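For reference, the structure is listed below as structure tokens.
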Amino acid sequence: MGHAELIPNIGKLGILRDAARGADGAARQHASPRNYTKAEFPLPTIESFDVTSPAFKRAPYEILAELRRNSPIAKIALPGEQSGWLVTRYGDVDALFRDSRVTSNPADVYPPEVIAAVFPHGEFSAALLQSMIFTNDTSDHTRLRKLVSVSFTPRFIETWQPRIQQIIDELVDRLPEHGEIDFVREIAFPLPMRVLSEMIGVPTADLEKFRTWSNLYVDSMGNPAAALAIKGEMQSFLHYLHELIEAKQNAPTHDLLGQLIQVELEGDRLSRQELIGMAQLLILAGNETTATLLSSAMLTFFQHPDQAQAVKDDPALLKHAIEEIIRYKSPLMNANDRWVLEDFEFQGQRLRKGDQIYLCVTSANRDEERFSNAAAFDIRREDNQRHLGFGRGMHYCLGAPLARLIATVALGTLLRRLPDIELGTDMGELTWRPGITSNTLDTLPVHY
Ligand code: HEM
């Protein structure tokens with residue numbers, strides 16, 4: 001299939017066309033042939049749901065259960081005239097994580113000009129996608145991942161335990177003795193951000209900038225208009241990383257980025273582009289996800305006080321409880337986008353080259369076929385270890401040992417030091433951030 005035929009397949013066509021012709025309503029009326037029609041889209045309940053919306057994030061579970069039962073590979077409408085396939089059963093998500101007929105890199109299917117038009121980094125997008133392990137399925141993935149893996153082994157990560165303890169203690173010390181705070185702002189975001197920036201070697205003074213860039217990026221996922229709107233900010237992010245890497249080249253440091261630069265200088269193994277891609281990925285992939293885990297964990301404990309009490313009484317239960325939280329309230333709604341490389345049939349649906357696929361880990365982790373009594377939160381459950389919250393296959397989360405350690409140290413400390421912490425608002429008042437990937441709370445007011 002040539003590029004001209006492929007272009008109409010890309011879900012983000014509306015934006016591409018607007019970029020090419022100037023955004024006007026008339027241009028938008030020529031619907032892409034790959035956009036769903038009502039007849040193609042059999043689930044009326046889903047049609048009204050934008051899966052990137054805060055409303056869906058608030059109560060996704062019943063809809064996902066309905067999809068697993070009746071429409072496990074569902075055609076979904078996304079903002080900006082996009083459509084995609086939402087895969088909701090555990091077995092299918094697991095299989096597609098490892099299926100070589102799909103790719104994580106849209107540049108494997110679409111030409112650079114399409115990629116540049118629809119991704120937030122503009123003309124740098126195709127090169128950046130290629131240089132990040134997240135979006136590279138080639139042998140370069142193995143090479144790049146190997147270079148950073150040494151810094152993320154469970155054994156190495158354990159050496160960070162005292163520092164993580166120190167940071168969470170400092171964050172708790174800073175709180176007023178009693179009162180109400182936003183848990184997201186005071187604890188959930190700053191903790192992983194500080195740990196990761198020290199680990200990677202980013203100046204602490206710039207953490208607010210990173211929080212902004214990270215939020216903008218995550219919120220725009222699955223929404224091309226939002227992705228285009230942040231182009232300027234993403235260019236600033238890249239520019240910042242470029243300068244940071246240059247500074248470290250002139251004055252070597254021992255942090256992760258400093259080490260990766262040395263590898264570049266000695267063995268010429270990491271290009272400047274790859275260094276930027278790696279730094280960006282580590283910052284974006286680790287912060288929001290871990291912050292989400294921390295606030296989801298607190299919320300889950302508030303909703304299940306008896307199980308929170310069990311963990312307070314026996315802190316040895318905490319590690320296992322964290323796995324159950326990742327299963328029960330997965331920090332990610334969907335894994336990173338996947339793209340169909342060649343036409344094929346999957347569970348009765350015909351997937352076509354260029355189609356976009358979302359692997360819904362939130363749904364897979366609630367699949368009754370895989371987990372008994374899947375809708376129940378049970379910190380003593382034995383079958384939760386095989387959850388898909390960290391993905392599966394070649395892109396399995398590099399930061400899983402770090403996320404687990406941060407969560408164990410932080411939640412253990414919080415339950416010990418703020419034993420009477422409770423939700424400071426009605427459940428109905430809580431709001432979630434937009435974007436197709438994360439399940440992140442805007443704020444989490446708490447009393448203690
Ligand atoms: C609770 C927190 C976290 C969750 C739920 C999570 C989840 C995930 C998932 C589901 C994937 C697979 C994505 C896919 O296949 O499309 C992934 C990959 C990845 N994660 Fe995490 N993550 C978390 C924390 C972290 C941290 C702390 C880091 C550290 C910097 C990190 C770095 C990465 C990287 C680099 C990849 C890509 C690996 C590759 O492509 O080979 N993550 N993560």
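Keep in mind the model is a prediction, meaning the values are calculated, not measured. All ligand and atom numbering here is 1-based and tracks the order in the structure. Computation of the quantities below employed the complete heavy-atom set of this structure, encompassing side-chain atoms and omitting hydrogens, waters and symmetry-equivalent molecules. All residue numbers in this chain count up from 1 along the given sequence.
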Assess [X] against [Y]: is NZ or CZ under 6.0 Å from the centre of the six-membered ring, and within 45 degrees of the ring's axis?
{"X": "R366", "Y": "Y328", "result": "yes"}
{"X": "R338", "Y": "Y358", "result": "no"}
{"X": "R101", "Y": "F344", "result": "yes"}

Looking at ligand 1, does [X] have a heavy atom less than 4.0 Å from it?
{"X": "H141", "result": "yes"}
{"X": "M199", "result": "no"}
{"X": "M132", "result": "no"}

Looking only at distances, please establish whether an N/O atom of ligand 1 is found under 3.5 Å from an N/O atom of [X].
{"X": "R145", "result": "yes"}
{"X": "Y396", "result": "no"}
{"X": "G286", "result": "no"}

Query raised in the report: Which heavy atom in P203 sits nearest to a heavy atom in Y240, and how many Å separate them?
Result: CD-OH, 3.4 Å

Within a distance under 4.0 Å of any heavy atom of [X], pick out the atoms of ligand 1 and give their elements.
{"X": "L398", "result": "19 (C), 20 (N), 33 (C), 34 (C), 35 (C)"}
{"X": "T290", "result": "2 (C), 24 (C), 27 (C)"}
{"X": "G391", "result": "10 (C)"}

Query - Ring-ring centroid check F56 W432, cutoff 6.0 Å - result: no

**Report entry** Greater than 12 external heavy atoms within 6.0 Å of E62's CD
**Finding:** no

Requested in this report: Give the ring-plane orientation class for H387 versus F390, where under 30° counts as parallel, over 60° as perpendicular and anything between as tilted.
Outcome: tilted

Query raised in the report: Between the candidates R404, R338, H387, H395, which shows the shortest non-hydrogen contact distance to atom 16 (O) of ligand 1?
Result: R338

